[in-house]
Amino acid sequence: MSKRVTIDPITRIEGHLRIDVEVDQGQVQKAWASSTMWRGIERILLGRDPREAWLFTQRFCGVCTTVHALASVRAVEDALDLEIPINAQYIRNLIQIAHALHDHVVHFYQLSALDWVDVTQVLKADPVKASAIAESLSDWPENSAKQMAAVKARVAGLVGSGQLGPFAHGYWGHPAMKLPPEINLLAVSHYLQALEYQRYSNQVVAMLGGKTPHIQNLAVGGVANAINLESEAALNVDRLYQMKSLLDKIVSFVQNVYVPDVCAIAGLYPEWFSYGAGVTNYLSVPDLPLDGKSTSFELPGGFISNGDLSSLKPITGQKDATWRKAVSEDSAHAWYKGSGGLHPWKGETEPDPTEWDEDKKYSWVKAPRWEGKPAQVGPLANVLVGYASGNPLMVKWTDAALDKISAIAHVKATPAMLHSTLGRHGARAIRAAVLSDLAIKQWQLLTDNIVKGDTTIFNKPEFPKGTVEGVGFHEAPRGTLSHWVVVEDGIIKNYQAVVPTTWNASPRDSDGTPGPYEASLLRNPIADAEHPLEVLRTIHSFDPCMACAVHMFDPKGNNVARVKVL
């Protein structure tokens with residue numbers, strides 16, 4: 001007999017997400033993904049100066065702030081064909097990398113690891129054995145038996161107090177949990193260390209961005225970071241090397257802790273390489289520009305069809321003709337007026353809430369499509385596109401991770417196994433390792449350029465009469481993000497943001513085709529329908545980030561609250 005299971009809200013994500021599944025014979029047979037709150041920033045931007053859009057778009061989210069700022073200024077610069085100074089590109093790239101490293105570390109340890117790690121089993125672990133296992137994986141200096149014993153004692157104190165704090169309400173003892181006690185202890189130890197190391201990345205973002213979240217240093221045309229090696233009030237030698245010291249710390253944690261931990265957990269749950277594939281069309285955009293016109297990039301972009309890496313069709317940049325016409329958004333099952341697909345420059349965001357209806361409208365998320373097809377975005381898409389392109393760092397770190405998983409699982413791990421729930425976690429760790437290498441490279445490029453005497457940071461934008469269109473994209477931590485702007489006589493006429501979670505949390509489209517979340521849940525095992533841990537495993541592997549800048553409505557569609565925007 002089939003059973004309907006509703007999880008609302010999904011926790012350990014950003015924003016508001018509801019998942020419904022029908023379970024029969026221990027497997028998911030149908031699934032629906034519903035975003036239950038609406039953001040209205042696109043409408044707030046209408047009639048405004050395009051140069052200030054990036055300040056507003058950061059408020060789409062309290063987590064993905066920096067990424068919206070970057071995509072926004074790039075969209076306006078694209079509309080104006082505006083070149084920016086190379087210093088501005090390097091500074092933006094460093095902010096982007098530091099933000100992503102913070103995001104990826106937090107996602108695995110604080111948001112997802114507890115889907116796989118049973119904290120209560122730590123009490124059965126032998127700290128000496130846990131230390132030996134950790135030291136076999138890497139030479140990280142904080143893996144001593146003394147360190148492991150201290151963590152075990154902390155967990156024992158929590159359990160003894162009856163107040164588990166951040167570890168409360170977990171699926172402890174669930175039949176799908178099967179890590180040895182020593183691996184659980186290792187993971188919890190690194191969970192606690194991650195709380196310290198993730199902040200080093202955020203310090204870099206704040207040093208360059210002025211603050212975090214919601215950076216303050218961007219401008220259409222460049223950045224506002226004054227460069228003067230002789231001034232205490234500007235970006236100088238001391239600040240450059242302070243950033244380098246912070247980057248070195250997070251780079252070491254990513255390469256010596258995060259990557260080995262993900263490989264170890266993946267190697268001990270090999271069956272989860274068979275679940276969660278879902279949509280295997282992958283979209284990723286080129287990023288980390290290396291010239292002022294954004295025609296050369298550190299990381300490649302492209303579209304892969306049906307999981308076939310040989311099908312890669314490259315995306316060369318924001319001016320790529322296919323890219324500029326391939327994206328559309330469908331509102332057939334979303335709470336907006338209209339139903340068919342619209343190109344973002346023609347897009348509409350007219351709310352039309354109704355009751356939740358699985359056969360009609362059931363989500364505030366639209367259904368983005370690439371040439372009419374659903375696509376998965378995120379680190380997995382980024383890694384597969386990079387691997388298929390032969391990007392040296394993507395190949396290096398992907399092969400290294402697969403080799404480590406093979407050694408632990410005693411099976412041959414291949415790129416094809418990445419089409420899965422655990423594959424998304426593995427790809428995120430691989431991407432973090434790639435970015436950790438590029439953090440040092442970008443820092444060196446910026447430093448060398450400044451030392452040569454180049455301190456230019458800004459080119460003034462000029463807005464023409466008439467209408468111009470632009471698109472800015474960015475490979476954000478959760479995947480392909482694009483902002484689409486129409487500017488008429490220097491004023492925003494239309495603005496649409498097609499965000500990573502919109503691609504992945506897409507409801508069904510006009511043809512009834514499900515999006516990546518919904519498709520990935522099909523045939524997932526469910527050991528206990530009353531405690532659907534396996535649903536969380538797959539959904540968390542995408543790192544959901546539902547937009548959190550919202551208007552609120554009652555069931556009849558009336559405004560409950562209004563916010564005055566100055």
Original post:
Looking only at side chains, do Trp397 and Asp437 share a donor and an acceptor under 3.5 Å apart?
Top reply: yes
Subject >> Pair Asn228-Asn236, side-chain donor/acceptor within less than 3.5 Å >> reply: no
Original post:
Is a salt bridge present between Asp78 and Lys319, judged by a nitrogen-to-oxygen distance below 4.0 Å?
Top reply: yes
**OP:** Salt-bridge test for Asp287 and Arg74: reply yes if a basic N is under 4.0 Å from a carboxylate O, no otherwise.
**Re:** yes
Original post:
Going by the angle between their ring planes, with limits at 30° and 60°, are Trp345 and His343 parallel, tilted or perpendicular?
Top reply: tilted
Subject >> Tyr495 and His483 aromatic ring geometry - parallel, tilted or perpendicular at 30°/60° bounds >> reply: perpendicular
**OP:** Before accepting this row, confirm whether a basic side-chain N of the pair Asp103/Arg478 lies closer than 4.0 Å to the acidic partner's carboxylate O.
**Re:** yes
Subject >> Electrostatic pair Arg508-Glu518, nearest N-O below 4.0 angstrom >> reply: yes
Original post:
Rounded to the nearest 0.5 Å, how far does CD of Glu371 lie from NZ of Lys325?
Top reply: 7.5 Å
**OP:** Could you pull out the closest heavy-atom pair between Pro351 and Pro353, with the gap in Å?
**Re:** C-CD, 3.7 Å
**OP:** Measure from NZ or CZ of Lys249 to the centre of the six-membered ring of Tyr200, then state whether that distance is under 6.0 Å and the direction lies within 45° of the axis.
**Re:** yes
**OP:** Examine the side chains of Asn382 and Ser284 and answer whether a donor and an acceptor come within less than 3.5 Å of each other.
**Re:** yes
Original post:
Is any NZ, NE, NH1 or NH2 atom of the basic residue among Arg92 and Glu77 found under 4.0 Å from an Asp or Glu carboxylate oxygen of the other?
Top reply: yes
**OP:** Give a yes or no on whether a salt bridge exists between Asp320 and Arg324, defined as a side-chain N under 4.0 angstrom from a carboxylate O.
**Re:** no
**OP:** Quick one: pull up CG in Leu208 and CD1 in Ile95 and give me the separation to the nearest 0.5 Å.
**Re:** 5.0 Å
Original post:
Salt bridge between Lys293 and Asp81, side-chain N to carboxylate O under 4.0 Å?
Top reply: no
Original post:
Would you say the ring centroid of Phe108 lies under 6.0 angstrom from that of Tyr258?
Top reply: yes
Subject >> Ser296 and Asp291 side chains, donor-acceptor separation under 3.5 Å >> reply: no
Subject >> Cation-pi, Phe542 ring and Arg424 (6.0 angstrom, 45 degrees) >> reply: yes
Original post:
Are the charged groups of Glu475 and Arg431 less than 4.0 angstrom apart, N to O?
Top reply: no
Original post:
Does CZ belonging to Arg51 count more than 12 external heavy atoms closer than 6.0 Å?
Top reply: no
Subject >> N-O pairing of Asp509 and Lys366 below 4.0 Å >> reply: no
Original post:
Side chains of Thr447 and Tyr241: donor-acceptor distance under 3.5 Å anywhere?
Top reply: no
Original post:
Would Lys244 count as a cation-pi partner of Trp443, with NZ or CZ less than 6.0 Å from the six-membered ring centre and within 45° of the ring normal?
Top reply: yes
**OP:** Indicate the ring-plane relationship of His107 and His425, choosing parallel, tilted or perpendicular according to the 30° and 60° boundaries.
**Re:** parallel
Original post:
Under 3.5 Å, is there a donor-acceptor pair linking the side chains of Asn93 and Gln89?
Top reply: no
Original post:
Between the side chain of Thr398 and the main-chain N/O of Met394, is any donor-acceptor distance below 3.5 Å?
Top reply: yes
